[in-house]
Amino acid sequence: MNAFEQLAASLLTRAGYWVYPSFKVELTKEEKRAIGRHSSPRWEIDLIAYKPKSNELLVVECKAYLDSGGVQLASFQQPKADRYKLFNEPTLREVVFSRLTQQLVESGAVIEGPKVQLALMAAKIKSKEHSDVVALFKRNGWVLFDANWIRDQLQQLSEGSYENDVPSVVAKLLLRGSNG
């Protein structure tokens with residue numbers, strides 16, 4: 001798990017989710033054929049986040065893109081785009097979500113019938129396209145955790161009591177006033 005995924009997992013945990021990083025979905029041969037990937041290995045999801053109280057399951061793609069132009073709207077509008085396959089391929093999404101749900105229910109990790117939603121945790125979205133990306137996510141019922149959400153969560157960490165973890169310590173160092 002990379003550093004941004006670790007941060008995302010920590011923030012989602014603080015938001016009330018149980019988080020599983022680098023989760024591998026065990027697709028059957030039939031399911032692999034249905035998605036047009038006959039020899040595909042297990043499908044890996046950056047993070048799954050589960051909130052038992054609401055039986056909500058998020059399938060989270062994490063993209064930092066801090067030193068680039070950021071997430072671009074066109075990446076969600078191109079058929080068979082190299083990135084964001086779960087966002088761009090409805091059949092793939094349906095098959096992976098179905099198997100993921102079955103796998104988690106059978107293992108006892110979630111209760112029957114979770115509400116499954118696709119989510120993106122993005123530290124940077126191309127500035128001129130931010131509102132269009134937000135609108136696209138709303139139209140599709142996807143969840144977007146953007147830089148504003150991340151900053152709000154880090155601000156809350158900086159104001160809270162001491163926690164001995166990297167996000168909390170860094171938030172306190174950077175966002176609290178210095179006393180010299």
Side-chain angles (χ1 to χ4, degrees), residues 1-27 35 37 39-51 56-78 80-89 92-93 95-97 99-101 103-104 107 109-110 114 116-127 129-130 133-134 136-137 140 142-158 160 162-175:
M1 180 165 56
N2 70 37
F4 185 66
E5 290 173 4
Q6 289 176 348
L7 174 63
S10 179
L11 296 178
L12 288 168
T13 298
R14 292 176 189 285
Y17 292 90
W18 290 97
V19 179
Y20 298 81
S22 303
F23 192 88
K24 293 176 180 59
V25 180
E26 305 282 347
L27 298 174
I35 63 172
R37 293 170 173 87
S39 62
S40 176
R42 296 175 294 175
W43 195 266
E44 187 170 338
I45 298 169
D46 291 343
L47 301 173
I48 58 170
Y50 180 65
K51 191 176 278 189
E56 174 186 357
L57 179 64
L58 298 179
V59 175
V60 186
E61 177 78 18
C62 297
K63 297 292 182 199
Y65 292 150
L66 293 170
D67 292 329
S68 73
V71 172
Q72 297 180 22
L73 181 63
S75 298
F76 300 99
Q77 298 174 323
Q78 302 169 1
K80 301 280 183 177
D82 287 343
R83 294 189 178 131
Y84 313 113
K85 290 177 180 71
L86 289 175
F87 290 92
N88 287 311
E89 297 180 40
L92 172 66
R93 184 172 52 248
V95 168
V96 169
F97 282 15
R99 173 56 58 191
L100 170 67
T101 301
Q103 196 173 322
L104 291 171
S107 74
V110 304
V116 184
Q117 284 186 283
L118 190 53
L120 176 68
M121 178 86 62
K124 187 174 183 184
I125 297 173
K126 189 173 181 181
S127 60
E129 297 178 358
H130 186 271
V133 170
V134 169
L136 175 73
F137 272 63
N140 286 292
W142 301 334
V143 179
L144 180 62
F145 300 105
D146 63 4
N148 297 323
W149 184 87
I150 295 167
R151 271 192 293 277
D152 288 346
Q153 299 305 306
L154 290 172
Q155 185 65 49
Q156 289 176 27
L157 275 177
S158 77
Y162 180 77
E163 299 276 342
N164 191 20
D165 63 19
V166 173
S168 181
V169 171
V170 171
K172 287 179 186 306
L173 286 169
L174 295 178
L175 300 174

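Numbers here are sequence positions counted from 1. Please read these numbers as outputs of a predicted model, since none were measured by experiment.
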Apply salt bridge (charged side-chain N to carboxylate O under 4.0 Å, His left out) to Glu5 and Lys63, showing your working. CA-CA 8 Å; Glu5 290 173 4; Lys63 297 292 182 199; over 6 Å; no

Salt bridge (charged side-chain N to carboxylate O under 4.0 Å, His left out) between Lys24 and Glu26, worked out: CA-CA 6 Å; Lys24 293 176 180 59; Glu26 305 282 347; over 6 Å; no

Give the minimum heavy-atom separation between [X] and [Y], together with the two atoms involved.
| X | Y | result |
| --- | --- | --- |
| Ser168 | Asp165 | CB-OD1, 2.8 Å |
| Leu154 | Pro167 | CD2-O, 4.3 Å |
| Ile150 | Ala123 | CD1-CA, 4.0 Å |

Should the pair Lys124 and Tyr65 be classed as cation-pi, given the thresholds of under 6.0 Å to the six-membered ring centre and 45° from the axis? no

Quick one: does Val143's side chain get under 4.5 Å of Leu120's, heavy atoms only? no

State whether the side chain of [X] and the backbone N or O of [Y] hold a donor-acceptor pair below 3.5 Å, judged by distance alone.
| X | Y | value |
| --- | --- | --- |
| Arg99 | Val25 | no |
| Asn2 | Phe4 | yes |
| Lys51 | Ala15 | yes |

Hey, can you tell me if Phe137 and Phe76 have their rings parallel, tilted or perpendicular (30° and 60° cut-offs)? perpendicular

Regarding Arg37 and Glu89, does a basic nitrogen lie under 4.0 Å from an acidic carboxylate oxygen? yes

Go through Gln103 and Phe23 one step at a time and tell me if the side chain to side chain contact (heavy atoms under 4.5 Å, CB included) criterion holds. CA-CA 11 Å; Gln103 196 173 322; Phe23 192 88; 3.6 Å; yes

Spacing of Ser158 atom OG and Leu173 atom CG [to the nearest 0.5 Å]: 10.5 Å

